[in-house]
Chemist: 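Pasting a structure here, questions to come.
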Amino acid sequence: MANTLSMKKSQIYNAALEAAKAAYPDLEIPSFTIEVPKDKGNGDYAINIAMMLARAAKSAPRAIAENIVANLSAQALGAEKIEIAGPGFINFYLDKSYLYNVIAEIEKEEACYGNVNVADGKKVVVEFVSANPTGPMHMGNARGGALGDTLSNVLSRAGWDVTKEFYINDAGAQIDKFGRSLDARYIQLLKGEDAVEFPEDGYQGDDIRVHAQNYIDKFGDALLEKEEQERKDALVAYALPLNIAALQETLTKYGINYDVWFYESTLHNGGSVGETLEKLKNSNITYEKDGALWIKSTEFGSEKDDVLVRANGIPTYFAADIAYHRNKLEERDFDLAINIWGADHHGHIARMKGAMEAVGISGDKLDVLVIQLVRLMRNGEIARMSKRTGKMITLADLIEEIGVDAARFFFNMRAAGSHMDFDLDLAVSQTNENPVFYVQYAHARICSIIRILAESGVSVPKFADIDASLLKKEEEIELLATLARLPDEITASAQSFDPSNLTHYLIDVASHFHSFYNACRVRDEEENLMRARLKLIECSRVVIKNVLDILGVSAPEKM
């Protein structure tokens with residue numbers, strides 16, 4: 001079922017466009033906006049077409065608005081009245097009956113209410129987190145995980161065929177460093193700290209020492225007699241799967257379940273990297289210098305060219321990354337690839353899009369969201385250490401300290417490109433200032449009302465069995481109008497790749513529900529009005545639950 005409010009909005013837009021064409025047949029009608037005024041005294045919708053036409057029509061906006069309104073039928077639009085305000089805004093005051101149909105929509109669609117189709121089933125792969133498997137996940141991964149998973153859910157609700165993907169960097173320089181670090185710790189634990197110098201660029205974390213010790217406890221010192229490369233390979237083969245399993249376990253706790261775990265090594269072993277390098281060579285975008293193969297990244301806007309194959313014959317991470325995107329967009333035939341990268345990857349976007357063009361793939365098929373840094377705050381100060389471990393706060397520490405719901409909700413309150421201060425104290429507070437508590441409490445309060453009424457034999461009625469016209473108080477209409485916005489909110493979030501729209505929308509729903517609750521009784525009210533209001537709060541519960549599901553946040557029935 002098409003959304004009633006969206007249909008009304010589209011109807012008004014089209015009617016205004018036709019009225020403008022009738023009033024000014026010799027002019028090209030420019031784009032104009034239709035918006036919901038903040039002050040409800042200015043109507044349900046307002047359009048600015050008169051201001052947009054003023055220059056071309058060589059007339060005052062208010063005079064233009066009068067000419068357009070003369071060609072509009074309030075009755076045909078279901079409007080109580082159409083007024084001109086200010087310099088020439090055209091305000092529409094709608095008959096509220098159109099809102100009552102939203103109740104029927106929510107009843108019919110339930111968990112699917114809000115879903116739209118803006119993509120016609122096009123295939124999109126959303127790659128996010130893709131943390132280095134040589135260590136624990138940090139706050140950038142935490143924010144990227146919440147954003148990527150929620151965006152994937154939004155796109156799915158908007159008609160995309162979505163694949164969630166994690167790219168495992170199990171090859172290349174970082175794995176070599178991982179092996180050298182494990183090898184040094186292994187020897188030091190068996191022969192003493194002075195037996196071998198730890199690599200200057202090695203991984204210093206305690207997890208490296210723990211892996212080495214666990215290997216010794218399980219297999220002893222047999223590797224000491226092996227060649228260095230064989231020893232490193234054995235240690236990596238032991239430790240890397242454990243790290244990957246830990247990543248998967250933590251992300252599952254975080255509510256993220258990937259469709260694909262893609263291993264970088266498959267690109268090398270399957271020949272994709274080699275094929276990609278040949279395509280790049282044939283595009284005349286590469287050259288050789290100092291024994292290495294370079295790509296002309298400066299032609300894509302980069303400050304310098306980049307190495308594709310080192311002088312020792314080993315492809316760089318960039319070469320594998322180009323092959324990986326070829327795999328997504330060419331071999332697996334996705335219509336769009338969305339990557340969520342950290343701020344330090346901003347300069348990588350132009351060269352990756354350029355490399356796609358060089359291998360015959362439109363750079364427009366790749367979209368990258370860059371997430372900015374997160375500052376964790378505790379007691380008004382920057383928090384860098386975990387309460388439990390006294391070390392750098394990891395994603396696992398964050399989940400343990402504040403829970404999954406607060407983490408996912410808070411990370412989705414700001415657009416990816418904005419810096420963020422994350423208030424750990426606020427995230428665990430049970431007050432209305434905590435937005436996730438505020439929203440969840442609204443859901444729980446609705447469930448409580450429905451449960452108490454059910455115990456007295458009153459169940460939520462069907463739309464056909466209520467008199468919706470009894471819902472006419474300001475708080476009732478405001479709540480209903482807010483529920484009606486969900487399809488448009490999902491559309492906007494999907495088109496902008498910005499799920500933060502939905503957290504703010506959800507807070508708006510909760511706010512209007514709480515206002516309704518304070519102004520309107522449900523229990524102990526006249527029966528017909530009670531039934532209408534009971535149906536309204538049930539619709540509110542459905543909408544809150546649907547959006548919390550998109551965010552990956554629970555909808556408690558009791559608090």
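The first residue in the sequence is number 1, and the count goes up from there. Reckoned from all heavy atoms, side chains included, excluding hydrogens, waters and symmetry mates.
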Chemist: Would you say that more than 12 heavy atoms from the other residues, nucleotides or ligands in this model lie under 6.0 Å from the CZ of Arg451, or not?
Modeler: yes
Chemist: Does the Glu476 side chain pair with the main chain of Lys473, one donor and one acceptor, at a distance under 3.5 Å?
Modeler: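 Yes; judged by distance alone, with no hydrogens or angles, the pair exists.
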Chemist: Nearest 0.5 Å, please: how far is OG1 in Thr503 from CZ in Arg408?
Modeler: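 It comes to 12.5 Å.
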Chemist: Regarding Thr394 and Asp397, do their side chains bring together a donor and an acceptor under 3.5 Å, going by distance alone?
Modeler: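 Per modelled atom types, Thr394 and Asp397 side chains form a pair under 3.5 Å.
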Chemist: Would you please test Ile84 and Arg62 for side chain to side chain contact (heavy atoms under 4.5 Å, CB included) and show each step?
Modeler: CA-CA 7 Å; Ile84 301 167; Arg62 193 170 183 90; 3.6 Å; yes
Chemist: What are the two closest heavy atoms between Ile449 and Ile537, and how far apart are they?
Modeler: CG2-CD1, 3.7 Å
Chemist: With distance as the sole criterion, is a donor-acceptor pair present between the side chains of Tyr24 and Asn67 under 3.5 Å?
Modeler: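 Present: a donor and an acceptor within the cut-off.
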Chemist: With the threshold set at 4.0 Å, does a side-chain nitrogen-carboxylate oxygen contact exist between Lys21 and Glu28?
Modeler: no
Chemist: Does any donor atom in the side chain of Asp405 or Gln440 lie under 3.5 Å from an acceptor atom in the other side chain?
Modeler: yes
Chemist: Find out whether Leu53 and Leu27 are in side-chain contact, i.e. whether some heavy atom of one side chain is under 4.5 Å from a heavy atom of the other.
Modeler: yes
Chemist: Set out, in order, the CA-CA distance, both residues' side-chain angles and the distance that settles side-chain hydrogen bond (donor to acceptor under 3.5 Å, both in side chains) for Gln75 and Ser73, then state yes or no.
Modeler: CA-CA 5 Å; Gln75 184 177 3; Ser73 168; 5.4 Å; no
Chemist: Under the side chain to side chain contact (heavy atoms under 4.5 Å, CB included) rule, what do Glu107 and Lys462 come out as? Steps first, then yes or no, please.
Modeler: CA-CA 8 Å; Glu107 177 181 274; Lys462 295 292 186 182; 3.8 Å; yes
Chemist: Could you give the distance from OG (Ser152) to CD1 (Ile550), rounded to the nearest 0.5 Å?
Modeler: 12.0 Å
Chemist: Is it true that, when you exclude Glu478 itself, more than 12 heavy atoms of the residues, nucleotides or ligands shown sit nearer than 6.0 Å to its CD?
Modeler: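 Yes, because the 6.0 Å sphere around CD of Glu478 holds more than 12 heavy atoms from other groups.
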Chemist: What is the distance from atom OH of Tyr167 to atom NE2 of His325, rounded to the nearest 0.5 Å?
Modeler: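 Between atom OH of Tyr167 and atom NE2 of His325 there are 8.5 Å.
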Chemist: What verdict does the salt bridge (charged side-chain N to carboxylate O under 4.0 Å, His left out) test give for Lys164 and Glu127, after you've listed the backbone C-alpha separation in whole Å, the side-chain angles of each residue and the deciding distance to 0.1 Å?
Modeler: CA-CA 6 Å; Lys164 302 177 186 179; Glu127 184 230 319; over 6 Å; no
Chemist: Could you check Phe411, Tyr258, Trp341 and say which one makes a ring pair (Phe, Tyr, Trp, His ring centres under 6.0 Å) with Phe128?
Modeler: Tyr258
Chemist: I'd like to know if the side chain of Asp498 pairs up with that of Ser493 as donor and acceptor (distance under 3.5 Å, no hydrogens or angles considered).
Modeler: no
Chemist: Looking only at side chains, do Asp259 and Thr163 share a donor and an acceptor under 3.5 Å apart?
Modeler: no
Chemist: Tell me whether the guanidinium CZ or amine NZ of Arg445 lies under 6.0 angstrom from the six-membered ring centre of Phe513 and within 45° of its axis.
Modeler: no
Chemist: Any salt bridge linking Arg378 with Glu401? Criterion: basic side-chain nitrogen under 4.0 Å from a carboxylate oxygen.
Modeler: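 Between Glu401 and Arg378 there is a salt bridge, with a charged N closer than 4.0 Å to a carboxylate O.
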Chemist: Looking only at side chains, do Asn412 and Thr150 share a donor and an acceptor under 3.5 Å apart?
Modeler: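 Yes, side-chain donor-acceptor contact under 3.5 Å.
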Chemist: Between Phe262 and Tyr324, does the ring centre distance come in under 6.0 Å?
Modeler: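 So the answer is yes for these two rings.
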Chemist: So, is the end of the Lys123 side chain (NZ or CZ) under 6.0 Å from the ring centre of Phe334 and within 45° of the ring's axis?
Modeler: yes
